[in-house]
Amino acid sequence: MMLGLLLARAGIDVTVMEKHADFLRDFRGDTVHASTLRLLDELGLGAQFAALPHRMIEGVNATIQDTTLHIDLRRLPGPHKHIALVPQWDFLELLATAARREPTFRLLRSTEVLGLTRSGGKVTGVRYRDADGVEKQMHAHLTVACDGRSSILRQDAGLATRNFGAPMDVWWFRLPRHADDLHGLNGVFQFGHGCALIDRGDYFQIAYLIRKGADAAMREEGIESLRREITELVPWLADRVDQLASFDDVKLLDVQLNRLRRWYADGLLLIGDAAHAMSPIGGVGINLAVADAVAAARILAGPLRTHSVTRRRLAAVQARRWLPAAIIQRVQRTVQDRAIAVAIGNPEGLREAPRAVVLANRFPALRAIAAYGVAIGPLPEHAPDYARR
């Protein structure tokens, strides 16, 4: 949606295909970080975003084996010294509304992309099923796969993926939040399990970590087993765990961490999770995908105007965005391997806080680096001049 908005502001005919009739789904990535908030300001959308229902998070807290780490975001550079938690359907609708003001933008809802079309070895567009269930084709000078970690277009293109693995999956569910409860982003890791509690105002969105592939076996133990584990891990939630009536209230996120070796083919570009599936650690996935879109728009707008997009230009997008993705994934892998795998991989969990946590508590500069890495990240992107309002 961001790429469609930017290209439309460049005067390029662009069509975004959305499988569903609307955006009202239970998204997992609702964290909009400082780098993306600054981008919205540059696009003239800051005021509209601020009017959306959201929570401002100024700090991140983690308790690991009774050792507490606090990362303060209020010292970030720039005007946004926080992370915003906003329903992703509202964010998407904001971008779609802005894009529809551009005469060259079109959004097709209830439109399912089925695969690629080719001619002479070059991708020439997509096959899709429209809102009436009719299969059709659309020609495009460039097709961009923004269809996530289970990308149909990536599979059709046969591009090689480097998989890094993950020791955990995540159960997502909600529990009521009281006015005097913790606020912000909080994590608890001990007793052999862990969870993150995301303050959404009147409820917590909870990410509960389980061992990779353990979903089916753990569900067989019944919802009461999960209630007991939550109470053991976060005792002050004991008065509300009964709100989990059954496992119908618990959604599974299959955690993946991978990256394409090549993000493009003739006529095709992949960005976001389609190019590099991110772990939920740090909640950076949506913001990295937005940055990919900005870089792609800046590099490709000119060639798209003249219908002269070459493999070299597509390679330039990957060259620009490969390093930030690789750096963040390296950090996520380290956290997974040295903290999460140990915490959930044995019944006793971590016997003591990881050395990185101890050092961060000792040296404020390390906490400042962590805050910048989470909220802004490596190589943040700015809106192209043609797209600013």
Side-chain angles (χ1 to χ4, degrees), residues 2-3 28-29 31-36 38-39 60 71 76-77 83 144-151 153-155 157-170 212 253-265 268-300 311-341 354 356 360 366-382:
M2 178 63 76
L3 180 57
R28 307 292 180 255
T31 56
V32 180
H33 292 199
S35 56
T36 303
R38 182 182 60 193
L39 174 67
V60 180
I71 298 176
L76 289 171
I83 290 172
V144 185
C146 310
D147 51 342
R149 62 187 57 210
S150 300
S151 172
L153 298 186
R154 180 177 66 187
Q155 181 179 350
L159 296 174
T161 303
R162 183 182 180 190
N163 292 296
F164 303 110
M168 79 290 193
D169 288 324
V170 177
K212 188 71 177 176
L253 172 65
D254 176 18
V255 175
Q256 298 180 32
L257 189 62
N258 59 54
R259 188 170 65 244
L260 286 179
R261 298 182 186 278
R262 178 164 51 84
W263 302 9
Y264 60 91
L268 174 69
L269 175 68
L270 297 93
I271 61 174
D273 268 10
H276 46 74
M278 310 302 291
S279 165
I281 294 169
V284 298
I286 182 175
N287 304 278
L288 200 64
V290 166
D292 287 355
V294 177
R298 186 177 58 251
I299 292 170
L300 299 177
R311 287 172 61 95
R312 182 176 179 181
R313 287 287 189 174
L314 299 176
V317 178
Q318 177 176 347
R320 172 74 181 181
R321 297 306 307 165
W322 182 90
L323 184 59
I327 289 173
I328 294 173
Q329 288 184 329
R330 177 70 267 181
V331 172
Q332 291 180 332
R333 291 164 61 190
T334 300
V335 173
Q336 286 184 170
D337 295 344
R338 298 187 181 181
I340 292 177
L366 295 178
R367 297 197 298 276
I369 293 172
Y372 187 93
V374 169
I376 297 178
L379 198 60
E381 301 287 351
H382 291 272

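The figures that follow rest on heavy atoms only: side chains count, while hydrogens, waters and symmetry mates do not.
Checked against salt bridge (Lys or Arg N to Asp or Glu O under 4.0 Å), D147 has no partners two or more places apart in sequence or in another chain. With sequence neighbours excluded, the residues forming a side-chain hydrogen bond (donor to acceptor under 3.5 Å, both in side chains) with S279 are Q336, listed by chain and number. Partners of A34 according to the side chain to side chain contact (heavy atoms under 4.5 Å, CB included) rule, which considers only residues two or more places apart in sequence or in another chain, are L76, H80, A375, I376. Taking the side chain to side chain contact (heavy atoms under 4.5 Å, CB included) definition, one finds that R312 meets it with T310, sequence neighbours left out. Partners of H276 by ring pair (Phe, Tyr, Trp, His ring centres under 6.0 Å), not counting sequence neighbours, listed by chain and number: W263. A search for salt bridge (Lys or Arg N to Asp or Glu O under 4.0 Å) contacts involving R333 returns nothing, not counting sequence neighbours. With sequence neighbours left out, the side-chain hydrogen bond (donor to acceptor under 3.5 Å, both in side chains) criterion links R320 to E381. Taking the side-chain hydrogen bond (donor to acceptor under 3.5 Å, both in side chains) definition, one finds that D337 meets it with nothing, sequence neighbours left out.
Between L314 and L268, the closest heavy-atom pair is CD1-O, 3.5 Å. S35 and P380 get closest at one heavy-atom pair: CB-CB, 4.2 Å. Here the shortest heavy-atom pairing between A275 and L270 reads CB-O, 3.5 Å. Residue V294 comes nearest to H382 through the heavy atom pair CG1-O, 3.2 Å, listed as atom of the first residue, atom of the second, then distance. When every heavy atom of V170 is checked against every heavy atom of P280, the shortest pair comes out as CG2-CG, 4.2 Å. In this structure, L159 and Y264 approach most closely via the heavy-atom pair CD2-O, 4.0 Å.
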Next on the checklist: Pair R154, L260 - check side chain to side chain contact (heavy atoms under 4.5 Å, CB included), show working.
Outcome noted: CA-CA 9 Å; R154 180 177 66 187; L260 286 179; 3.5 Å; yes

Pairs of donor and acceptor atoms involving the side chains of residues 366-374, under 3.5 Å and at least two apart or interchain, shall be tabulated with distances.
unit_1	atom_1	unit_2	atom_2	d
R367	NH1	A360	O	2.7
R367	NH1	N361	O	3.1

Please output the side-chain donor-acceptor pairs of residues 323-330 that fall under 3.5 Å, not counting sequence neighbours, one pair per line with the distance.
unit_1	atom_1	unit_2	atom_2	d
Q329	OE1	R259	NH1	2.5
Q329	NE2	N258	O	2.8
Q329	NE2	A277	O	3.1

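Using a 4.5 Å heavy-atom cutoff, the side chains of L269 and R313 are not in contact. Side-chain contact between I340 and I281 is present, with at least one heavy-atom pair separated by less than 4.5 Å.
Of the inter-residue distances, the one linking N163 atom CG with Q256 atom CD reads 7.5 Å to the nearest 0.5 angstrom. Atoms NE2 and CG, on H33 and L39 in that order, are 14.0 Å from each other to the nearest 0.5 Å.
Counting only N and O atoms by type, the side chains of N287 and T36 include a donor and acceptor under 3.5 Å apart.
Between the D169 side chain and the K212 main chain, no donor and acceptor come within less than 3.5 Å of each other. The main-chain N or O of A160 is never found under 3.5 Å from a side-chain atom of R261 such that the two would form a donor-acceptor pair. For the pair T31 (side chain) and G283 (backbone), a donor-acceptor distance under 3.5 Å is present.
The number of heavy-atom neighbours closer than 6.0 Å to CD of Q155, taken from other residues, nucleotides and ligands shown, is 12 or below.
A salt bridge (charged side-chain N to carboxylate O under 4.0 Å, His left out) check over residues 268-290, counting only residues at least two apart or in different chains, returns the pairs R149-D273.
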